[in-house]
Protein chains: 2
Amino acid sequence: MSDPATPDEQQRVALAVSTVIFALRPHPTTRRLAVHLPLVRRIRAPHQGRWALPGGPLGASEGLGAAASRTLGETTRLRPRYLEQLYAFGGPDRAPSAAERTVSIVYWAMVRPEEADAGVAGVNVQWFLADELPELAFDHNLIVEYALWRLRNKLEYSRIAAAFLGETFTLAELRGVHEAVLQRPLDPANFRRQMEASGRLVPTDEFRTGGRHRPARLFRHDESIHLADNGPLTRA
Amino acid sequence: MSDPATPDEQQRVALAVSTVIFALRPHPTTRRLAVHLPLVRRIRAPHQGRWALPGGPLGASEGLGAAASRTLGETTRLRPRYLEQLYAFGGPDRAPSAAERTVSIVYWAMVRPEEADAGVAGVNVQWFLADELPELAFDHNLIVEYALWRLRNKLEYSRIAAAFLGETFTLAELRGVHEAVLQRPLDPANFRRQMEASGRLVPTDEFRTGGRHRPARLFRHDESIHLADNGPLTRA
DNA sequence: TCAAAAGTGTTTCACTTACACCCATGG
DNA sequence: CCATGGGTGTAAGTGAAACACTTTTGA
């Protein structure tokens, strides 16, 4: 796809893919929505016993994104609603015993809450609050921080919040996503106008009833607009 | 650095690094500054004879960024003022004869005009206008487009324009960089206030004389502020 | 003294923010 | 009928854009 050198010029390295998976779940104490992510416990050296991002080796006949999606599913049984490449890591000082060079491509993904509960179950896979993580294996703390920065950034100029919601949703639900990600309350009136002005929302004829208050109109996202910038491949 | 799987689980692949190098040079007809980039002509299959991004294989004991910097220097004799990872490409359908899998990490870089002229010389290395490229090898056209998008984006919220300029510069020179990259004229008065308000500029006591007009004050960039977001490694 | 660019002041307009207020529903 | 959140209106504040104007130099 994108390289000028021919194979015989190139060095062979081990290549793996990891993924930062975000989901919104109730905070254990405040019960308000908060950004969570699943981690897997390492069962072998290096960093045995530590929590790490789910991932695995690159398959022989799959793309990088496909590998991220697959290894993510194998370790956590989650299927991402959104998947985007984050960064490639490949310092020469990786292997502890100087055995072999490894480069990892890290992706970040978003899943819906329903999926989140179904997927993660075992004692070796567990949800953590995104901003209260233990010390992770490798430089995974740094990676999560960077992914969070990207998530918060993209919320402002893309309809990425859709990945945390169903097909239709009320403005209050959408606002809840923004508040959970940005960790601050937003004015309902101004949020509504902002969203309406963005042109990304399409009102439906349906309403969400059941609360002890006026029913809220359901919206959907404009399908003609791409979910978000997903790198060069989906931008063209 | 960042991978949960151990070497024996991982597939071995060929890995190479390419770089999109930007420099500002006078437009061949209008003589105004325009974004250019150097390309190298491929001397072997696949895509023999086509222009491509400079690059090469990853060395055994160097980081990804170091490899980009090195291969860039070997092919064009340029030394980047700024270097940032762009994207990793690794579709399974790369090799024409289905021989071996190759993944490339693409970087983008900026160099100063003086360096630009010195570096690129041979018939197999040549400068091109960034928005008037011929059909390149692989998917390099797509990559350049994405890199240009990142460059224009970053101009707005970082002091990245510094990489195109010397240690000190006038506001007109800085504005010239912005105008060349964004391809539209900017109001001098408003540009001045924007830059002053950003807090990234430090005025010096020196002035640029010689024009048939009032001398312009020289500024420098605040060194305490990082050049730009350079991925997770330099953000923490 | 004049052209040209440096640098300042000012008006306008769009958008965000804060908050008051009415609407519709379930209990 | 009233508490609760849905939804609308509006005035103040902030910042960008447009442009008139003054300043300072080289020729």
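Because only heavy atoms are used, hydrogens play no part in the values below, and waters and symmetry mates are left out as well, while side chains stay in. To find a chain, count down the sequence lines: A is the first, B the second, and so on, and within it residues start at 1. Fair warning: this is a prediction, and the values are worked out from it, not measured in the lab.
- Applying the 6.0 Å contact sphere to CD of A/Glu74 captures more than 12 heavy atoms from other residues, nucleotides or ligands.
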Mind listing the N/O atom pairs, protein and nucleotides 19-23 of chain D, below 3.5 Å?
residue : atom : partner  : partner atom : Å
D/dT23  : O2   : B/Arg214 : NH1          : 3.1

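- In this structure, a donor-acceptor pair under 3.5 Å is present between the side chains of B/Arg152 and B/Gln183.
- Between B/His140 and B/Phe138, the two ring planes are tilted [angle within 30° to 60°].
- Here the C1' atom of nucleotide C/dG7 and the CG atom of B/Leu201 are 15 Å apart, to the nearest Å.
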Acceptor/donor pairs from residues 188-197 of chain A side chains to any protein atom, 3.5 angstrom cut, sequence neighbours excluded:
residue  : atom : partner  : partner atom : Å
A/Asn190 : OD1  : A/Arg193 : NH2          : 3.0

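- B/Phe219 places its CZ atom 11 Å from the P atom of C/dA6, with the value rounded to the nearest Å.
- Dense packing is recorded around CZ of A/Arg208, with more than 12 heavy atoms of other residues, nucleotides or ligands lying under 6.0 Å away.
- Considering only side-chain atoms of A/Ala216, the nucleotide from D/dG7, C/dA5, D/dT24 that sits closest is D/dG7.
- Rounding to whole angstrom units, CE of residue B/Met195 and C1' of D/dA16 are separated by 13 Å.
- When the C1' atom of C/dA5 is taken as reference, atom CZ of B/Arg212 falls 11 Å away, rounded to whole Å.
- Atoms CZ (A/Arg217) and P (C/dT25) sit 12 Å apart, rounded to a whole Å.
- Of the two residues near DNA chain C, A/His213 and B/Glu196, the one whose nearest nucleotide lies more 5' is B/Glu196.
- Comparing A/Arg184 and A/Gly211 along DNA chain C, the residue whose closest nucleotide (by nearest heavy atom) sits nearer the 5' end is A/Arg184.
- A ring pair (Phe, Tyr, Trp, His ring centres under 6.0 Å) with A/Tyr82 is found for exactly one of A/Trp108, A/Tyr107, A/Phe22, namely A/Trp108.
- Between the CD atom of A/Glu156 and the C1' atom of C/dT16 there is a distance of 13 Å, rounded to whole Å.
- By the 4.5 Å heavy-atom criterion applied to side chains, A/Thr76 and A/Trp127 are not counted as neighbours.
- Phosphate proximity of D/dG7 to A/Arg192: present, with a side-chain N or O under 4.0 Å from OP1 or OP2.
- Applying a 4.0 Å cut-off to non-hydrogen atoms, none of the residues of residues 169-178 of chain B approaches DNA chain D.
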Report each atom pair, protein N/O against N/O of nucleotides 13-15 of chain C, whose distance is under 3.5 angstrom.
none

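- Ion pairing of A/Arg150 with A/Glu84 is present here, as a side-chain N (NZ or NE/NH1/NH2) and a carboxylate O approach within less than 4.0 Å.
- As a whole-Å value, the separation of A/Phe191 CZ from C/dA18 C1' is 17 Å.
- Below 30°, between 30° and 60°, or above 60°: for B/Tyr146 and B/Tyr87 the angle between ring planes is above 60°, a perpendicular geometry.
- The ring pair (Phe, Tyr, Trp, His ring centres under 6.0 Å) test applied to A/Phe128 returns A/Trp51, not counting sequence neighbours.
- For A/His27, the side-chain hydrogen bond (donor to acceptor under 3.5 Å, both in side chains) partners are A/Thr29, not counting sequence neighbours.
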